[in-house]
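In what follows, a single structure is set out as structure tokens and then discussed.
So you know, we letter chains A, B, ... as the sequences are listed, proteins then strands, and number each from 1. Just so you know, these numbers come straight off a predicted model, no measurement behind them.
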Amino acid sequence: MSISLYNSLSRRIEPFTPLDPDRVTMYLCGPTVYNYVHIGNARGPVVFDVLARLLRRHYPNVVYARNITDVDDKINTAALEQGVEIGKITGKFAQAYREDMAGLGIAPPDLEPHATAHIGQIITMIENLIAGGHAYAAADHVLFDVGSYPDYGNLSGRDTEELIAGSRVEVAPYKKNPTDFVLWKPSTPELPGWASPWGRGRPGWHIECSAMSAAHLGDTIDIHAGGIDLLFPHHENEIAQSTCAHGGKVFARWWMHNGMLTFDGRKMSKSLGNVLLVHELLKLHPPEALRLLLLRGHYRQPLDWSEGAITQAISTLDGWYRVLRDLAEVAMPEGALPVPARVEAALCDDLNTPQALAELSQLADQARHSGSAEAKAALLGGGMLLGLLQQQPEAWLKRGESSVDEAHVEDLLQQRRAARAARDFARADAIRVELTALGIAIEDGAQGTRWSVLKQ
RNA sequence: GGCCAGGUGGCAGAGUGGUCAUGCAGCGGCCUGCAAAGCCGCGUACGCCGGUUCGAUUCCGACCUUGGCCUCCA
């Protein structure tokens, strides 16, 4: 089964063929670590985690890098405000990021390069750009000369003239062209900085991704991914500087962009202030429901976040986990779980996760009806590729029991059992009401009475 | 203003030139002491107007409308 992926560069879905099938390379623009990330920031990592899982099934060696940008003016501002070294800030939030991503069931990337560990490569790359006539030093800065790269604007479909005409920012006087962007900028003594041929300074925003990508994955990589809001100018600038620094070699063969997460109909973003932190959401809701919600829309479409959508995702998972609970005693075949062809086919079709989830629902029905080990394995196998259904069914349905006094629940259930045996249904129903008030739902079934935690 | 992506049933959300998405919610029934779960069934969905076609939600054009980018942003 071959994988087809939408390429922002060609604006069409193309059959994916890696440059070297023995080393498939993928880079995702990671966070700038100066505070906690919000759920919108997690959409790309979740989606491209699924892509990495899919690629690993097709190719023996996938190298997936997701960087940490740990040098940036926002970090500097936070460090100055708090009176600490930037490392204090970046260390804390890089770790929080790893934990948040793990909480969402995202497998760690193969590589997690840090910008500050690549200052040497950044300086070398800038020197190459200057030597090639693609960059120039001016007023203690180094700038990329957009005029030296005729293909600038290919990715975002912009032409330089329009950019100049529509420019909303004041143009720095030392720029040759208004669209030139900073590769290196000077640092004042109180700011972090590194020695360079242009004086003590620090890298501009875009260069670190180019340098880290080249350092770990090579001059040409297979897939470069990120949010659609990075398409311009970040990715456009990355293409320009990487291509020019590498003698015209193609930088990334596929460009993939996830759509924005919206909240109240607007893009969730720090500047608008309508953010929900992953850190907080993970405490409030079952993490897998958050992951399911992020996969319920196609990755290129906008996706609206809401409380109701979370509840809905929980209900869906409840249904699947109930099937698995009923089949808890059914032994699995030896070896790795099989991935159902229909789930895989959906993902191979430009990562159609909504279709894959529809297939999962069908598999759940089949497992419920047949009760067979094969059907159960198929459901779990499909879930695994999506990073779902990874919990024990009982643990899921009881929400980990963390907020429940299980002994008390069992005691009430025992009392109710006695009442029912005595056909004192009024008493039995009263106990059920009491349990409901505690947030416990019960089911009388062939195997006795079972309980679970009500949706939250 | 320029560039880009959308508008599908109560909500969410795939997809397709001519039977079916799927999920959640709702309604009716079966089952149950009653519930819950499960099972069976139900609701005449494709923004608007033209065009192409034997036939369009699906192709083409105009219009209305929502969102994203053009400044930091996943």
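If you check every strand for non-hydrogen atoms under 4.0 Å, A/Leu231 touches nothing. Using a 4.0 Å heavy-atom cutoff across all strands shown, A/Arg66 reaches no nucleic acid atom at all. No contact: A/Leu357 has no heavy atom under 4.0 Å from any strand. At a threshold of 4.0 angstrom between heavy atoms, the contacts of A/Gly259 include nucleobase atoms, whether or not backbone atoms are also involved. Within the 4.0 angstrom heavy-atom criterion, no nucleotide atom of any strand lies near A/Arg450. Residue-level contact check: A/His235 touches neither bases nor backbone, having no heavy atom under 4.0 Å from any strand.
Within the structure, every side-chain polar atom (N or O) of A/Arg158 is placed at least 4.0 Å from both OP1 and OP2 of B/rC4. At the phosphate of B/rA74, neither OP1 nor OP2 sits under 4.0 Å from any side-chain N or O atom of A/Lys267. Taking side-chain N and O atoms only, A/His257 has no distance below 4.0 Å to OP1 or OP2 of B/rG68. Distances shorter than 4.0 Å separate some side-chain N or O of A/Arg322 from OP1 or OP2 on B/rG38.
In this pair, A/Trp396 and A/Tyr321 present their aromatic rings parallel. The plane angle is below 30°, not in the 30 to 60° band. Ring geometry for A/Phe181 versus A/Phe144: interplanar angle under 30°, hence parallel rather than tilted (30 to 60°). Below 30°, between 30° and 60°, or above 60°: for A/His235 and A/Trp255 the angle between ring planes is between 30° and 60°, a tilted geometry.
Checking A/Trp320 against A/Ser156, the closest nucleotide of RNA chain B that is more toward the 5' end is the one next to A/Ser156. The residue among A/Gly226 and A/Ile442 whose nearest nucleotide of RNA chain B is located toward the 5' end is A/Ile442.
In the interface, the side chain of A/Asp444 is paired with the base of B/rC34 through a donor and an acceptor atom under 3.5 Å apart. Counting distance only, with no hydrogens placed and no angle test, the side-chain atoms of A/Arg420 and the base atoms of B/rG33 include a donor-acceptor pair under 3.5 Å.
When base pairs are accepted only as Watson-Crick or G-U wobble with both N-N or N-O distances under 3.5 Å, RNA chain B takes part in stems of 3 or more pairs at B:1-7 with B:64-70, B:10-12 with B:22-24, B:26-30 with B:38-42, B:49-51 with B:59-61.
Only at 4.0 angstrom or more do the heavy atoms of residues 94-105 of chain A sit from any atom of RNA chain B, so none qualifies.
Between A/Arg427 atom CZ and B/rG33 atom C1' there is a gap of 17 Å when expressed in whole angstrom units.
Ring centers of A/Tyr36 and A/Phe93: under 6.0 Å apart, within the cut-off. For A/His224 and A/Trp254, the gap between ring centers reaches or exceeds 6.0 Å.
Candidate nucleotides B/rC24, B/rC72, B/rA74 were compared by shortest atom distance to the side chain of A/Ser315, and B/rC24 ranks first. Taking the side chain of A/Ala428 as heavy atoms from C-beta on, and the options B/rG38, B/rG33, B/rC69, the nearest nucleotide is B/rG33. Residue A/Asn41 places its side chain closer to B/rA74 than to any other of B/rA74, B/rC72, B/rU22. Closest to the side chain of A/Thr316, from the set B/rG68, B/rA74, B/rC24, is B/rC24.
When atom types are taken as modelled, the side chain of A/His38 and the backbone of A/Gly40 share a donor-acceptor pair closer than 3.5 angstrom.
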Using a cut-off of 4.0 Å between protein heavy atoms and nucleotide atoms, how would you tag nucleotides 10-17 of chain B 5' to 3' with B, S and -?
-> --SSSS--
